[in-house]
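What you see is a predicted model; the values in this text were computed from it and never measured. Every number for a ligand or one of its atoms is a count from 1 in the order of the listing.
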Amino acid sequence: MSVYSTILTQSEFVDKDSLSYPFEERGLQFGDGIYEVIRIYKGEYYLLTEHVDRLYRSAEAIKIKIPYNKEKMTELLHQLMEKNNMKNDGKVYMQITRGSAPRDHIFPHEVTPNIYAYLQDLPRNEKILENGVKTISQRDVRWENCYIKSLNLLPNVLAKQTAKENNCYEAILHRDGVVTECSSSNIYLVKDGKVYTHPATNNILHGCVRMAVERFLKAENIPLIEEAFHIEDIQHADEMFLSSSTSEVLPVIQLDNVVVGNGEPGKITRILQRAYEQDAKITDKLITNL
Ligand code: PDD
């Protein structure tokens, strides 16, 4: 996966090899910051407004004041793309920390947030989009403010690693059996033509692709029920899928030892995958077998 050489820091563009973090950086020492991952198709951001809005919501929630407005941030992200002459499918990772200061839990008095953004290539994963993925269940041991896209991802990292070690793509997280989301995506269950997903409370990240899925379902007249489902409900599901900026709309065909539906990507999942491709203006379409 290639990393592009020009990186945005604060509001300047520098070469990635010239970049060094100070040791006393609150993102490094406390995870005191927030981030975003935005998908790129052929050099164009997808759902950019939604991601920038969420970035500012997350910043406000942890009392970081981003030193410029959303319009300027959007402009800088476009400049980042231009300066790297990015034309591929990829993603931008951006992170804003409270800043650099002597280590102390209390917020430093006068500190400027550190802002970083860089581009990576990310080709679409045709195989899994076509065939679906297996998942594993894990307890959701995170905090109560999962709507903030915080840098503190240790529980997510551990859950995803466990999934990987069990030949699974994702970990489906639950609190006392109530399914919240996955380690880095939102999760949905389809039963009798209706789509169920956890309501957008503090216990999940309000995914930008989740918002798009809501839109697609409305356009297709498929009911979306924002009601949490139980891990045991999955035994009776017709279909399941997950969504995120890196995974798109992805069929889920197994949880632990339970095969979902007939073990193949479902009809509603396929409708949503097609809607996603249209919405993201993807020209090399994968989803043909509807
Ligand atoms: N993850 N839930 C969690 C916990 C996530 O980390 C993500 C995204 C999502 C989906 O959000 P969106 O649709 O806005 O991408 C849900 C990103 C991709 C990441 O951490 O790499």
Side-chain angles (χ1 to χ4, degrees), residues 1 3 27 31 33-41 45-58 61 77 89-96 116-125 128-129 133 135-164 169-175 179-188 195 197-217 224 226 228 240-250 252 272-273 275-276 279-280:
M1 206 192 281
V3 174
I34 50 159
Y35 76 103
E36 275 297 328
V37 175
I38 312 174
R39 193 63 192 262
I40 296 163
Y41 294 107
Y45 291 113
Y46 179 51
L47 303 174
L48 178 59
T49 310
E50 288 84 343
H51 284 281
V52 171
D53 283 348
R54 188 174 61 192
L55 180 76
Y56 280 74
R57 277 202 305 278
S58 295
L77 286 171
D89 291 348
K91 62 179 176 183
V92 62
Y93 174 83
M94 67 179 309
Q95 139 176 342
I96 303 184
Y116 300 91
Y118 75 109
L119 303 177
Q120 282 173 282
D121 277 341
L122 180 66
R124 301 182 73 209
N125 190 331
I128 63 172
L129 285 166
V133 293
T135 59
I136 187 173
S137 62
Q138 293 272 290
R139 278 180 57 222
D140 189 343
V141 295
R142 299 173 302 163
W143 68 333
E144 289 181 0
N145 291 311
C146 296
Y147 73 100
I148 302 170
K149 208 158 171 52
S150 133
L151 292 180
N152 296 272
L153 289 179
L154 190 53
N156 309 59
V157 165
L158 294 176
K160 190 94 161 203
Q161 180 62 23
T162 306
K164 170 85 179 162
Y169 179 81
E170 250 294 24
I172 295 185
L173 307 178
H174 65 89
R175 294 188 194 249
V179 173
T180 49
E181 58 179 336
C182 297
S183 73
S184 65
S185 50
N186 293 114
I187 185 81
Y188 311 77
V195 177
T197 196
H198 195 287
T201 64
N202 284 12
N203 280 345
I204 67 161
L205 184 77
H206 306 180
C208 295
V209 182
R210 184 185 183 280
M211 291 178 214
V213 164
E214 231 177 301
R215 219 171 2 98
F216 304 156
L217 289 170
L224 174 69
E226 290 191 81
M240 284 189 80
F241 61 92
L242 57 82
S243 76
S244 82
S245 300
T246 46
S247 299
E248 306 187 357
V249 172
L250 188 63
V252 170
L272 292 170
Q273 286 185 290
Y276 181 99
D279 200 56

Q: With a 4.0 angstrom cut-off on heavy atoms, strictly below it, pick out the residues next to ligand 1 and order them by chain and number.
A: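 Near ligand 1, by chain and number: Tyr35, Val37, His51, Arg54, Arg142, Lys149, Asn156, Glu181, Cys182, Ser183, Ser184, Ser185, Asn186, Leu205, Gly207, Cys208, Val209, Ser243, Ser244, Ser245, Thr246.
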Q: Answer yes or no for Lys164 and Tyr169: cation-pi contact, defined as NZ/CZ to six-membered ring centre under 6.0 Å and angle to ring axis within 45°.
A: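 Judged by the rule, Lys164 and Tyr169 form no cation-pi pair.
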(Q) Please determine whether the number of non-hydrogen atoms from other residues, nucleotides or ligands lying under 6.0 Å from atom CZ of Arg215 exceeds 12. (A)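 Count over threshold, so yes.
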Q. Would Thr201 and Asn203 count as having a side-chain donor-acceptor pair, cut-off 3.5 Å?
A.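 Note: Thr201 and Asn203 side chains miss the donor-acceptor criterion.
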Q.
Going by salt bridge (charged side-chain N to carboxylate O under 4.0 Å, His left out), Arg210 matches just one of Glu181, Glu50, Glu226. Which one?
A.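 Considering Glu181, Glu50, Glu226, a salt bridge (charged side-chain N to carboxylate O under 4.0 Å, His left out) with Arg210 is found only for Glu226.
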Q: Side-chain contact test, heavy atoms from C-beta onward, threshold under 4.5 Å: evaluate it for Val209 versus Glu248 and give yes or no.
A: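 Sidechains of Glu248 and Val209: no contact.
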Q: May I ask you to decide if the ring planes of Tyr147 and His206 are parallel, tilted or perpendicular, using 30° and 60° as cut-offs?
A: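 Geometry flag for His206 against Tyr147: tilted rings.
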